[in-house]
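Here is the structure we will look at, set down as structure tokens.
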2 protein chains.
Amino acid sequence: MSRQAPTLEDVAREAGVSRATVSRVVNGVRNVDPAIQELVRQAIRRTGYAPNRAARSLVTRRAEAVALVVSGAGDTSEEAQAGFAARVFADPFFGRVVAGIVGHLRPRSVHPVLMFAESAAAREEVLTYLGQGRADGALVVSSHADDPLPALLAEASLPAVLFARPARPVPLSHVDVAHRDGGRLAAEHLLARGCRRPATISGPLALPAGQERLAGFRDALARRGHARVPVAEGGFTHDSGLAAMAALLAEHPDVDGVFAANDLMARGACQALRDHGRRVPEDVAVVGFDDSTAAVDRHPHLTTVRQPVEDMAAEMARLLDEHIHGTRTDPTSVVFAPELVVRESA
Amino acid sequence: MSRQAPTLEDVAREAGVSRATVSRVVNGVRNVDPAIQELVRQAIRRTGYAPNRAARSLVTRRAEAVALVVSGAGDTSEEAQAGFAARVFADPFFGRVVAGIVGHLRPRSVHPVLMFAESAAAREEVLTYLGQGRADGALVVSSHADDPLPALLAEASLPAVLFARPARPVPLSHVDVAHRDGGRLAAEHLLARGCRRPATISGPLALPAGQERLAGFRDALARRGHARVPVAEGGFTHDSGLAAMAALLAEHPDVDGVFAANDLMARGACQALRDHGRRVPEDVAVVGFDDSTAAVDRHPHLTTVRQPVEDMAAEMARLLDEHIHGTRTDPTSVVFAPELVVRESA
DNA sequence: ATGAAAGCGCTAACAA
DNA sequence: TTGTTAGCGCTTTCAT
């Protein structure tokens, strides 16, 4: 709309040097006389020059941007799409992912482009976007077990890194947390505080995260003599946690400890427990998973298995960097250790 | 990393026409013989051609991307930054904004680049980013009353549209909801269902939204004979709502209706109420504001004043479009009507 | 209706 | 150390 933006040429003229020299100081390439460097810097300041990124990208073949794609599964209609974005963002987990990614990207001045891939058309769009070179690679967070996007990305050999191991193997790097260890941590804590009748609200068993948190919890309990542990499957949402807890209570009114496979469900469990006249943690101890904002956004603050999400997300970004720059070519998986955070609920 | 991407030139050779012709069919410019058009389309398919966006942007001077900036106020440190992103995303409100924006942007194949402007350095980055032409304009959502970004954007005459009227006037377009009308709706509903002792938990009074929702509520009540209404100021968070409700209860144990200036605080109020042995809505009716996911993510589902956030966000994107394309030059404000949604809590 | 050709602003050989 | 120059892939007059 406004004034015509100054170009390298303008700065060069202003400083009385060539375009190439200006380009060199802009890009911090050495072999430039300090005096001239200063001259150029002043000219840049005077002209208010800012490098045109399209021009640069055209020659460097790099967008300095990555797609941050939030991926679903189905062939959702336009209607459902709006809800999809809202739902994803409602998950307190996602904010930490973004924070971790931005933390890594920002110092490198690369920026995340937000994309949703909840339908076939949307997935196609992601591929096109990357194909056009508008982003150098993709960071993908799937919300479903059978998300087709990772495979598509791999097939097109586009640089991409996933959050969490996909349900079926895909030759793509990913980061994850040691879910089994997390389940174990929860079990041991419950036992250590004296629980005799532990139960669990698992995540969706179609997801590796759901299976493994459960397996870790069960194994640790089995090793300590609890062969059969009541399980109710949840869907990682508040309501499913509430319902699962109610079901558990109906079958086993004497439970005194619950491990919920995420914080949202733990919150739901707390509410169900209160609705049934049980105090947390006096009557029933509750351990969550994630350490999301949901863990401390109301009382009782949740004792929970912390996933170092920010670190994991930063590592995703780092891996993607390496794939983009060709420093790493083989798919790699980096697994982080969970950590028990003891608060009020157990 | 992989195969060299095909260019216009390649397609042209393949189809036996000139680059210009291929460009024309790619961009849907008429004046191209239908037969040749088909020929070119086939060549495109065969080669798997995808236009290089950097090259296109270089000549069109358009990035086909907009910055979606979430803006704070202070001069926050790096440390606090991580928390900032997580906090913003935790607000169920933000997901709807994103959904509305993406709904408008996607059909036009423009994409949102996520940026946080919570510190002076980060704000500078936003300006640079736009100055470099990496995005054509900015959609900004401020979380604080004294956010300096809008003024900076206006000063640099960069295309930008705000969500909500800024606390101090800035020559930038924005969308908003009629807060006063919303407050009035809440008051009338409470009265209509028989409340005799209404009170309110206001938003931060530094924000126009805080002031006006309160003013609308008060005015409507005053007109119906309730001259003095108990008010507790909250901070739009769950905890502040809980605390405010507790304070209200301490001073006025007989309240029978509460208008909370957003859903998060309404949830906090519900919890405080329950903690004090009051049933919702039997003993105390609660009305929220926003109709965010928080309104229905647990029981009782909230009766609330719905802000048509998706529509507002879409309108933001539309306005920005117009500013970018020069179809609109003067700052404009578009105000949406709120709507009462009656559910369980009142 | 189609083609030829001139750039858009930048980087990166290559020369000097 | 600095300058010259050749593109990067695309759109867009201007001819034809």
Side-chain angles (χ1 to χ4, degrees), chain A residues 3-41 43-44 47-65 109 128-134 136 325, chain B residues 3-41 43-44 47-65 109 128-134 136 325:
Chain A
R3 56 10 190 16
Q4 179 66 351
T7 73
L8 260 196
E9 188 72 51
D10 298 323
V11 179
R13 194 176 325 109
E14 178 82 14
V17 298
S18 75
R19 286 212 310 273
T21 300
V22 179
S23 174
R24 286 182 188 112
V25 352
V26 168
N27 294 296
V29 178
R30 54 175 178 287
N31 296 347
V32 178
D33 185 297
I36 298 208
Q37 230 171 96
E38 188 46 33
L39 222 61
V40 171
R41 259 184 247 296
I44 289 178
T47 52
Y49 169 75
N52 177 313
R53 299 299 313 215
R56 179 180 293 180
S57 287
L58 183 54
V59 28
T60 60
R61 306 181 155 291
R62 202 134 276 165
E64 304 287 295
S109 13
T128 307
Y129 196 83
L130 292 165
Q132 290 183 149
R134 299 183 68 172
D136 302 321
H325 294 103
Chain B
R3 57 7 195 14
Q4 179 68 351
T7 74
L8 259 197
E9 187 71 53
D10 298 324
V11 180
R13 194 176 324 110
E14 178 83 13
V17 298
S18 74
R19 286 211 311 269
T21 301
V22 179
S23 175
R24 287 185 185 107
V25 352
V26 168
N27 294 297
V29 178
R30 55 176 179 285
N31 296 347
V32 178
D33 186 298
I36 298 208
Q37 230 171 97
E38 188 46 35
L39 221 61
V40 172
R41 257 184 248 297
I44 289 179
T47 53
Y49 169 75
N52 177 312
R53 300 300 312 218
R56 179 179 292 179
S57 288
L58 183 55
V59 29
T60 61
R61 305 178 158 292
R62 204 133 276 165
E64 303 287 296
S109 7
T128 307
Y129 196 83
L130 292 164
Q132 291 184 148
R134 297 182 71 172
D136 302 320
H325 294 103

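Note that the structure is a prediction, hence the values are computed from the model and not measured. So you know, we letter chains A, B, ... as the sequences are listed, proteins then strands, and number each from 1.
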> For B/E64, does its backbone N or O pair with a side-chain atom of A/R134 as donor and acceptor, under 3.5 Å?
Replying inline: yes
Using atom [atom1] of [X] as one end and atom [atom2] of [N] as the other, report the distance to the nearest whole Å.
X	N	atom1	atom2	answer
A/E64	C/dT11	CD	P	11 Å
B/R61	C/dC10	CZ	P	10 Å
A/L8	C/dC8	CG	P	13 Å
A/I36	D/dT1	CD1	P	11 Å
A/I44	C/dC10	CD1	P	10 Å
B/E9	C/dA5	CD	C1'	12 Å

> Side chain of A/N52: nearest nucleotide among C/dG9, D/dT2, D/dC10?
Replying inline: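 Within the option list, the nearest is C/dG9.
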>> Side chain of A/R24, heavy atoms from C-beta onward: which of C/dG9, C/dA13, C/dT2 has the nearest atom to it?
In response: C/dA13
> Looking across every strand, which nucleic acid part, if any, lies under 4.0 Å from A/V17 by heavy atom: base, sugar-phosphate, or nothing?
Replying inline: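 Sugar-phosphate: the residue A/V17, judged by heavy atoms under 4.0 Å, touches backbone atoms but no base.
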> Across the strands shown, which category fits A/N31 at heavy-atom distances under 4.0 angstrom: base, sugar-phosphate, nothing?
Replying inline: base
>> When you measure only distances, ignoring hydrogens and angles, does the side chain of A/R53 come within 3.5 Å of the base of C/dG9 through a donor and an acceptor?
In response: no
> Toward the 5' end of DNA chain C, which comes first, B/T21 or B/A55, by nearest nucleotide?
Replying inline: B/T21
> Which residue, B/V32 or B/V59, contacts DNA chain C at a nucleotide closer to its 5' end, judged by nearest heavy atom?
Replying inline: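 The answer here is B/V32.
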